[in-house]
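All values below were derived from every heavy atom in this structure, side-chain atoms included, with hydrogens, water molecules and symmetry-related copies excluded. Just follow the structure's listing: the first ligand is 1, and inside any ligand the first atom is 1. The structure displayed is predicted, hence computed values, not measured ones.
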Amino acid sequence: MSDRVHETHDVVGVGFGPSNLSLAIALEEYRANGVEHEISSLFLERQASFGWHRNMLLPSATMQISFLKDLVTFRNPTSSFSFIAYLHASGRLPQFVNNQDFFPTREEFHQYLEWAQARVADRISYGSEVLSIRLPSGAAPEGADHLRLEVADARGGADRVVRARNVVISTGLVPSMPEGTECDERIWHSSEFLEKYRRINPRELRRVAVAGAGQSAAEIARFLYDELPHAQVYAVIPSYGYSVADDTPFANQIFDPAAVDDYYFGTEQAREAFWRYHRNTNYSVVDDDVIRALYRRSYDDDVRGVRRLEFLNLTRVTGVKREGDETRVSLQEGPDAAVRELNVDALVCATGYDAMEPADLLGDLDRLCLRDEAGRHRVERDYRLVTAPGMRCGIYLQGGTEHTHGLTSSLLSNIAQRSGEIVDSIAARRRLRDVGSTVLAEAGGDLG
Ligand code: FDA
Ligand code: NAP
């Protein structure tokens, strides 16, 4: 890779989904407050244009959080980047209010995100995949005042190097497939659903299976049932039917900004209780309206004496064999865990995601990032990786902090607040650095 350096920025964001979009806006509003030193920034996104889980933009899929948990409102309720400001700009504010609904469609929220990103577009570089983050060659951690990011141009242009005093990694969840199963043109993960579905002639899909009992699985099963009236849809469900996502008011408190402190500063026992009692707010659960929509379809079929939607309860996918056009799915099924095979034209694995893991991007640099007894990254309250003493550059995470900051780590609920906290941290560390080496030494030499 060429060592040509085009730019050095105070902050470089890796990935540009909602988390780093929220950060870009927080930086923009920080600048607009007329502070003395602007914090320069650049955001690198591998997609060719903005896209938020585009392959799951299914008709009628709704948001799972209130529109008030948008990119900004919890940090700055008067921001011009709010969902309400977007509705106003689109001329739909009264109509939206008439709907009396806290949960817009994912399609509408996507339009909001596109509108917001267009307003900070001068700081985003699309088609830019970050390959690695390293110290400059030969530099000691204490000496380096920047990190070096290698960036591939997805549009075929020259690769480049970007320099950053701080990086904010926000590369998102990582799709997870059943063990031993790989994606191809007939085996899809839910994260690639619409793209793969559109490539195939729907008439070829007469038997389709959807594995999983989470929101993705239920939405896809509903979609396939509605779109393919000639097809048999098998829902492969590890539980005894879909379970509801708890979004009742008391349970919802775990997504409040205050819950981050309770989790971060809580005992190991307290953190464990968060998971034990509240995992069902998000994982392997489905919104009530989608459960009822599926049950209704199944019941109406019973009345008509047909069975197009089949629920294989207590069942997991244990493997898949491909032979020609045939896709044979191995299932471990039912109360006695019998093993059987199911022939399908396509299998959709809505089998969830792994958390964001920055180690690959960090390479050798990861050795300077400290870990806890369980081998997980240690993270400061301000979302900065705890690094070896003396390291001046900051590596912040948006995502991958469930073990330190709790359930909101991979969700939208807290992004406005979190982005503000990261900007405050970067600005404070910069002020300290600017004061000079004496103060820097007194502050422990940990400033970027
Ligand atoms: P996100 O995954 O959105 O963005 C990461 C970005 O980084 C991507 O654009 C990716 O292309 C880019 N990237 C990755 N590696 C890169 C690299 N090396 N270089 C450059 N770019 C790179 N949560 C919630 O609170 N409410 C909700 O309604 C929903 N709805 C929802 C629907 C669906 C279908 C899914 C799968 C998930 C949700 N979620 C959710 C959870 C979801 O994690 C959350 O909505 C956001 O996507 C989190 O935003 P991020 O920006 O952190 O990640
Ligand atoms: P998820 O909640 O993690 O669910 C994955 C499901 O796959 C679980 O039921 C899991 O069961 C099952 N599974 C795993 N391996 C399996 C196997 N081998 N065979 C059969 N089933 C298997 O993932 P998700 O539904 O993709 O949701 C991820 C996130 O996206 C959540 O935050 C969700 O709320 C969000 N989401 C939001 C929307 C929306 O906003 N409308 C839409 C979709 C998703 P076990 O738990 O037993 O392993």
heavy-atom search around atom 25 (O) of ligand 1 in the protein gives Leu412 N, 2.7 Å
Consider only side-chain N and O atoms of Arg92 and Tyr86, and report whether a donor and an acceptor are under 3.5 Å apart. yes
Does any N or O atom in Met56 lie less than 3.5 angstrom from one in ligand 2, N or O only? no
Which of the atoms of ligand 1 are close to Leu173, meaning less than 4.0 Å from one of its heavy atoms? 43 (O)
Starting from atom 46 (O) of ligand 2, locate the nearest protein heavy atom and write down its residue, its atom name and how far away it is, to 0.1 Å. Ser284 OG, 2.8 Å
Considering all protein heavy atoms, does one lie under 4.0 Å from atom 21 (N) of ligand 2? yes
To which protein heavy atom is atom 47 (O) of ligand 2 closest, and what is the distance rounded to 0.1 Å? Arg316 NH1, 3.1 Å
Is Leu173 close to ligand 2, meaning an N/O of one under 3.5 Å from an N/O of the other? no
Would you say the side chain of Leu224 lies within less than 4.5 Å of the side chain of Tyr197, judging by non-hydrogen atoms? yes
Using ring centroids (six-membered ring only for Trp), state whether His53 and Phe193 fall under 6.0 Å. no
Is any side-chain heavy atom of Leu385 closer than 4.5 Å to one of Leu362? yes
Nearest non-hydrogen protein atom to atom 36 (N) of ligand 2, with distance, is Gln64 OE1, 3.6 Å
Heavy-atom check, side chain of His9 versus side chain of Arg163, under 4.5 Å: no
N or O pair under 3.5 Å between Glu129 and ligand 1: no
I'd like to know whether ligand 1 has Gly399 as a neighbour, heavy-atom separation below 4.0 Å. no
Please classify the Pro238 to ligand 2 contact at 4.0 Å (heavy-atom distances, strictly less than): side chain, backbone, both or neither. side chain
Atom 30 (N) of ligand 1: of Phe43, Phe109, Trp52, the nearest heavy atom sits on Trp52
Does the side chain of Ser409 come under 3.5 Å of the side chain of Thr401 through a donor N or O and an acceptor N or O? yes
Looking only at protein heavy atoms, which one is nearest to atom 3 (O) of ligand 2, and what is the separation? Gly352 CA, 3.7 Å
Winner among Ser191, Gly212, Gly180 once heavy atoms are compared against atom 12 (C) of ligand 2: Gly212
Test salt bridge (Lys or Arg N to Asp or Glu O under 4.0 Å) on Glu114 and Arg54; report intermediate values, then the result. CA-CA 12 Å; Glu114 286 182 307; Arg54 271 185 191 278; 3.2 Å; yes
So CD1 of Ile25 and CZ of Arg75: to nearest 0.5 Å the spacing works out to 7.5 Å
Between Phe50 and Tyr126 (judged by ring centroids, cut-off 6.0 Å), do the two rings come close enough to count as a pair? no
When rounded to the nearest 0.5 angstrom, what distance separates CG in Leu87 from CD in Glu108? 5.5 Å
Heavy atom of Ser191 under 4.0 Å from ligand 1? no
Counting from 1, what ligand 1 atoms have a heavy atom of Met56 closer than 4.0 Å? 34 (C)
Please check: side-chain N/O of Glu195 versus main-chain N/O of Glu192, any donor-acceptor pairing under 3.5 Å? no
Rounded to the nearest 0.5 Å, how far apart are CZ of Phe274 and CG of Asp262? 5.5 Å
To which protein heavy atom is atom 1 (P) of ligand 1 closest, and what is the distance rounded to 0.1 Å? Gly172 CA, 4.1 Å
Does an N or O anywhere in Leu361 fall below 3.5 Å from an N or O of ligand 1? no
Per-residue contact class, Leu44 against ligand 1 - non-hydrogen pairs under 4.0 Å: backbone
Nearest-neighbour protein heavy atom for atom 13 (N) of ligand 2, which is reported as residue plus atom name and distance: Thr351 CG2, 3.8 Å
Residue, atom name and distance, where the atom is the protein heavy atom closest to atom 25 (O) of ligand 2: Ser216 N, 3.0 Å
Going by the 4.0 angstrom heavy-atom rule, the piece of Thr62 near ligand 2 is backbone
With nothing but distance in play, are any N or O atoms of Val317 less than 3.5 Å from an N or O of ligand 2? yes
Nearest candidate to atom 4 (O) of ligand 1, where distance is taken over non-hydrogen atoms, out of Gly214, Gly13, Ala350, Gly17: Gly17
Sub-3.5 Å donor-acceptor pair from the side chain of Arg186 to the main-chain atoms of Asp345, do we have one? yes
In the protein, which heavy atom is nearest to atom 9 (O) of ligand 2, and how far is it? Ala213 N, 2.9 Å
Nearest protein heavy atom to atom 31 (C) of ligand 2: under 4.0 Å? yes
Quick one: do Glu219 and Arg222 make a salt bridge, cutoff under 4.0 Å? no
Polar contact flag for Glu45 and ligand 1 (N/O pairs, less than 3.5 Å): yes
Trp275 vs Leu407 side-chain heavy atoms within contact, under 4.5 Å: yes
So if I count the atoms of ligand 1 from 1 in the order they appear, which ones are less than 4.0 Å from some heavy atom of Arg106? 32 (C), 34 (C)
Does Val130 reach ligand 1 with a nitrogen or oxygen that is under 3.5 Å from one of the ligand's nitrogen or oxygen atoms? yes
Pick whichever of Arg54, His53, Glu219, Gln64 has a heavy atom sitting closest to atom 33 (C) of ligand 1. His53
Closest to atom 44 (C) of ligand 1 (judged by heavy-atom distance), picking from Ser410, Pro18, Ala61: Ser410
Walk me through whether Arg371 and His377 qualify under side chain to side chain donor-acceptor pair (under 3.5 Å). CA-CA 4 Å; Arg371 296 196 176 239; His377 281 119; 3.1 Å; yes
Considering non-hydrogen atoms of the protein only, which is the closest contact for atom 4 (O) of ligand 2, and what is the distance? Gly214 CA, 3.8 Å
Check: Asn282 N/O within less than 3.5 Å of ligand 2 N/O: yes
The atoms of ligand 1 lying under 4.0 Å from a heavy atom of Met63, numbered in the order shown, are 28 (O)
So, Tyr396 and Ser425: side-chain donor and acceptor under 3.5 Å apart, yes or no? yes
Aromatic ring proximity Phe67/Phe102, centre distance under 6.0 Å: yes
Could a heavy atom of Tyr353 be found less than 4.0 Å from some atom of ligand 1? yes
If you measure every N or O of Tyr283 against every N or O of ligand 2, does any of those distances drop under 3.5 Å? no
Answer yes or no: is there an ion pair linking Arg119 with Glu28, defined by an N-O contact shorter than 4.0 Å? no
Could you name the option among Lys69, Arg418, Arg46 that has the heavy atom nearest to atom 13 (N) of ligand 1? Arg46
Between Glu179 and ligand 2, which residue portion shows a heavy-atom distance shorter than 4.0 Å: side chain, backbone, both, or neither? neither
Near Ala350 (heavy-atom distance under 4.0 Å), the atoms of ligand 2 are 5 (C), 6 (C), 7 (O)
Tell me, with the steps shown, if Asp372 and Arg378 meet salt bridge (Lys or Arg N to Asp or Glu O under 4.0 Å). CA-CA 6 Å; Asp372 65 16; Arg378 287 176 53 199; over 6 Å; no
